[in-house]
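Numbers restart at 1 for each chain; the letters A, B, ... are given by sequence-line order, proteins then strands.
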Amino acid sequence: MTDWLSPEEWAAVQLSLKVALAAMGASLLPGIAMAYLLERGHFWGRQALDVLVHLPLVLPPVVVGYALLLGFGRRGPIGAFLAEQFGIVLSFRWTGAALACAIMGFPLLVRAIRLSLETVDRKLEDAAGTLGAHPAWVFLVVTLPLILPGIIAGMVLCFAKAMGEFGATITFVSNIPGETQTIPSAIYTFTQVPGGEGGALRLTLVSVAISVVALWMSEWMARRVRRRFLA
Amino acid sequence: MILDVDLRHRQGAFTLDARFQSEGRLTALFGPSGSGKTTLVNAIGGLLVPDEGRVGVKDRILVDTRRGILVPKHRRRIGYVFQEARLFPHLNVRQNLHFGRWFTPRRERRADVGAIVELLGIGHLLDRWPSSLSGGERQRVAIGRALLADPHLLLMDEPLASLDEGRKGEIYPYIERLRDEGNVPMVLVSHSVPEIARLATTIVVLSDGRVTASGPAPEILRHTRFFPHAGLVEAGALVETRVLRHEEAYGLTVLRAAAGDLTVSRIDLPVGAPVRVRLRARDIILSLAPPEGLSALNVLPGTVTGLEEADGSSVDVTLDCGGDGVVASVTLKSVERLGLKVGLPVQAIIKSVAFDREALGPAQAMNM
């Protein structure tokens, strides 16, 4: 691998995978909770929350990145609090890139889960209730398995979005090789310097390969789940 | 008291105002669609919060709006078999059956898995997935799943409505066995008179959200006026009989009822087996003297115990035939011509003995 990719390119690939997996993993539980809240919840301000969650989908990524910089930057209110209380610094760190990617991918994750939650037959949940299952158990042993295909689809979308995220990342955490330079930022850098075409092309191929493998894996998992339901 | 219900609930233009009590092993909630049967069982099962009222099951108060009691559905211990089986598609039959058991406190797990699986005839399905089962098999699994949660009461909301006649016939015997051998009282929602005639021990008749009659099944079924929607043809008496002998030469079976013998077409049941037959009110002719030169084989002697005008021109005449209540629907004119009055001995000539069609398979309602 490293014979084919330069150390700089290899670092970008590793970092991208790390950032994307972290973004996907960190958004999973909040994503499920948010989808459930938006689909099933009855509370004041649900619509506003819905808009807020979906905002990154329609806003220019650079705007999201700048907003993150304002909020989570060292002098931002949240960033300063995290740095003082917990020593967590996000700006210009790979964790910041993961945060930016998670926020950009979150609406995709929530949408996919919410769509499959919509198709869950509430009557099955009622039936589980009459069999003695507490609502929390109903969610864990009935609802969750039934929306698993949607969760898998959402995770893949979130992962893909994180792999390709550029605008928000570069605005929030810049383009530091080895720390915040993901595949898209590296490709961008390569296209800006003379003789960088080779590196750009290699990273493009790696990008395509990762996407294909991710799609194939999600299809395979979804098919396994479906086969259990319809066997 | 097994079931003590007193509920009021408004849903759009529909108002439920129902009150009844039942001690029956199988209580049928009978009424046309839209009469509030499902609303009522949903309130008992905890799927619906009633505006006002009380629900008590086996002396346990589940709902009492005045005292602010509302037990959530997962703590009611009431099994519910729905119209559609609602099996969990991601669990196989065995896991579906055990679902309720997972949530039953260990010391309260009394249901015998093997016995219930055997009783419902689902042993060969345990490793299958719900999507591969037939409608009848699904309902049997759904009944088993509800029973294995050790419910105090089993609600069945038209569990057979989505099945064709053949499949219904496949399930009735299991429900009968549960009624007779099981220890879980049942509530069955139905709009089919043959179905409740075959299965019910207690009947609650609902109409427009109100209880119009309730009581032991034989008593309720005797009165044609409780079944205005079903039409006169459906009313009749239930008589418990046993197979006395088979007359193979004629292809006949003789059944013994309290008042006498009934001869019917050969049925495939062993001698001594119990058979519940229904004598429909319109199939009975009354005669003052024992008939002679008549092709009918079935004549039961009895005494008139009541006369009740059903509608304009017809009268329900109730007879006591050796302890069994039999009802005949005759015209007002006949009542006057024969001078029918309470205490008069008469002969009930039975034109046909109806087995509930589902009881013995198709084409068993025959003329003798």
Check whether more than 12 heavy atoms from other residues, nucleotides or ligands sit under 6.0 Å from atom CZ of Arg75(B), and answer yes or no. no
Is it true that atom NE2 of His9(B) has more than 12 heavy atoms of other residues, nucleotides or ligands lying nearer than 6.0 Å? yes
What's the verdict on side-chain contact (heavy atoms from CB on, under 4.5 Å) for Phe88(B) and Asp121(A), showing C-alpha distance, side-chain angles and the deciding distance? CA-CA 10 Å; Phe88(B) 302 119; Asp121(A) 190 353; over 6 Å; no
So which part of Leu87(B) gets closer than 4.5 Å to some heavy atom of chain A, the side chain, the backbone, both or neither? backbone
May I ask you to check whether over 12 heavy atoms, not counting those of Arg19(B), lie within 6.0 Å of atom CZ? no
Within a reach of under 6.0 Å around CD of Gln47(A), are more than 12 heavy atoms found that belong to other residues, nucleotides or ligands? no
Verdict with reasoning, Leu131(A) to Tyr80(B), per side-chain contact (heavy atoms from CB on, under 4.5 Å): CA-CA 8 Å; Leu131(A) 289 164; Tyr80(B) 200 141; over 6 Å; no
Per-residue contact mode, Leu47(B) against chain A (heavy atom under 4.5 angstrom): side chain
Turns out that what part of Arg86(B) lies under 4.5 Å from chain A's heavy atoms comes down to both
Start with the C-alpha gap between Phe103(B) and Val141(A), add the side-chain angles, then the distance that decides, and say whether side-chain contact (heavy atoms from CB on, under 4.5 Å) holds. CA-CA 12 Å; Phe103(B) 301 105; Val141(A) 296; 4.3 Å; yes
Search all heavy atoms of His90(B) against all heavy atoms of Pro145(A) and return the closest pair with its distance. CD2-CB, 3.4 Å
Inter-residue atom distance Arg77(B).CZ - Thr130(A).OG1, 0.5 Å rounding: 12.0 Å
Above 12 or not: heavy atoms from other molecules or residues under 6.0 Å from CE of Met1(B)? yes
Heavy atoms from other residues, nucleotides or ligands near CH2 of Trp102(B) exceed 12 (cutoff 6.0 Å): yes
Measure distances from Arg145(B) to the heavy atoms of chain A and classify the residue's part below 4.5 Å as side chain, backbone, both or neither. both
